[in-house]
Amino acid sequence: MKKSKTASRALTGTDRAIAWQSASLLLGYPDEHLLERRPLLRRAAAELPAAVGGPLGRFLDHLDATPPPELAADYVATFDHRKRCCLYLTYYAYGDTRERGRALLRFKTAYREAGLVLDDGELPDHLAVVLEFAATGDPETGHRLLTEHRAGLELLRLALTDAASPWGAVLEAVSATLPPLAGNDREAVFRLAAEGPPEEEVGRETYGGPVLLPEPRVRMGAGPATRRGARA
């Protein structure tokens, strides 16, 4: 039996952009705006290579089969109440330390240099925001930011998989768009799994406030399904 062209072809830059934008939307709060976009997201997933489109399609199957109130409750239980499933990338490497503040500033600077400014109250390291930036803002810089936090992404994927969370499929798709874990990344994953992030409880003065884990349902407005817009 012949493999389909979609299954066998290599991932292109356009594929990555589509995958990142799709994953960005699917990692947002499952409200009516997301549910309305399921047909578009399913068409996009069907055009992607199987390693990326397959996991996205499985998650879309879950969206189709699950009542909206149950989806919303599961989202909150998964991402608001489990530190191991935190969607803020710098948390894995820096915890709530002063170093995290500097890491957050790097994200914010990258967005500003691409001509995008986040709305007040949004943290720039939320995975949905980073993916949207990589898809529609600056793909090269977005790819670099995701790759720099490869260990945290892998730990998040493993945590979601271990919890049998349907969102694990979305992280599987994101991982398939990035280089495989290198030696240092593997060591970082093992360390994070064993020790967790640093635990110094301090404010992030270098970023602008001591907020630790804000409401993870705000987005950078580069895409059509965001709640707030980025300002050019």
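Every value quoted in this text rests on a predicted model; they were computed, and no experiment measured them.
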inquiry  = Salt bridge check, R43 against E47: does any charged N sit closer than 4.0 Å to a carboxylate O?
reply    = no
query = Distance from L127 atom CG to S24 atom OG, nearest 0.5 Å?
reply = 8.0 Å
inquiry  = If you count every heavy atom of other residues, nucleotides or ligands that lies below 6.0 Å from R38 atom CZ, does the total exceed 12?
reply    = yes
task = Output the distance between atom CG (L104) and atom OH (Y91), rounded to the nearest 0.5 Å.
result = 13.5 Å
Test side-chain hydrogen bond (donor to acceptor under 3.5 Å, both in side chains) applied to T177 and R16, step by step = CA-CA 6 Å; T177 68; R16 287 190 178 88; 5.6 Å; no
query = Does C86 offer a backbone N or O that forms a donor-acceptor pair with the side chain of Y92 under 3.5 Å?
reply = yes
request  = Evaluate side chain to side chain contact (heavy atoms under 4.5 Å, CB included) for H33 paired with R37, printing each intermediate quantity in order.
outcome  = CA-CA 7 Å; H33 301 292; R37 284 164 173 76; 3.9 Å; yes
message = Using every non-hydrogen atom in the two residues, find where A23 and V170 come nearest and quote the distance to one decimal.
response = CB-CG1, 3.8 Å
message = Looking at P124, is its backbone amide N or carbonyl O close enough to the side chain of Y111 to form a donor-acceptor pair, meaning the two atoms are under 3.5 Å apart?
response = yes
query = Is it true that a side-chain atom of R150 and a backbone atom of P179 form a donor plus acceptor pair closer than 3.5 Å?
reply = yes
ask   = Any link between L171 and V76 through a network of hydrophobic side chains (Ile, Leu, Val, Met, Phe, Trp, Tyr) touching at under 4.5 Å?
value = yes
query = Does the pair L131 and L146 meet the rule for a side chain to side chain contact (heavy atoms under 4.5 Å, CB included), with working shown?
reply = CA-CA 8 Å; L131 288 167; L146 290 166; 3.9 Å; yes
inquiry  = Is the shortest side-chain heavy-atom distance between R42 and P39 below 4.5 Å?
reply    = no
Heavy-atom closest pair, residues A163 and R82 = CB-NH1, 3.1 Å
Side chain D64, main chain D61, donor-acceptor under 3.5 Å = no
ask   = What is the minimum heavy-atom distance between V52 and A19, and which atoms define it?
value = CG1-CB, 3.4 Å
key: Whether Y94 and H149 hold their rings parallel, tilted or perpendicular, with breakpoints at 30° and 60°   = perpendicular
ask   = With side chains defined as the heavy atoms from C-beta onward, is the minimum distance between R157 and T161 less than 4.5 Å?
value = yes
request  = First locate atom SG of C85, then atom CG of L160, and finally report the distance between them rounded to the nearest 0.5 Å.
outcome  = 4.5 Å
ask   = Is there a donor-acceptor pair closer than 3.5 Å between any side-chain N or O of Y75 and the backbone N or O of L27?
value = yes
query = Taking all non-hydrogen atoms of both residues, which atom of A51 and which atom of A176 are closest, and how far apart?
reply = O-CB, 3.7 Å
query = Is there a side-chain contact between L41 and L34 (heavy atoms, below 4.5 Å)?
reply = yes
ask   = Quick one: does P30's side chain get under 4.5 Å of T66's, heavy atoms only?
value = no
key: Side-chain ion pair, K108 and D125, N-O less than 4.0 Å   = no
task = Indicate yes or no: does R144 engage E140 in a salt bridge with an N to O separation below 4.0 Å.
result = no
ask   = Can you name the closest pair of heavy atoms from P49 and A10 and give their distance?
value = CG-O, 4.3 Å
inquiry  = As an exercise, state the distance from CD of E132 to CG of L25, rounded to the nearest 0.5 Å.
reply    = 7.0 Å
Ring centre gap for F133 and W20 strictly below 6.0 Å = no
request  = With rounding to the nearest 0.5 Å, note down the distance linking CG in L40 to CD in Q21.
outcome  = 9.5 Å
query = When the ring centroid of H126 is compared with that of F107, is the distance short of 6.0 Å?
reply = no
query = Shared ILVMFWY cluster between L35 and L26, side chains joined below 4.5 angstrom?
reply = yes
inquiry  = Nearest 0.5 angstrom please: H62 NE2 to L71 CG, how far?
reply    = 5.0 Å
key: Same cluster (ILVMFWY, side-chain, under 4.5 Å), L11 and I18   = yes
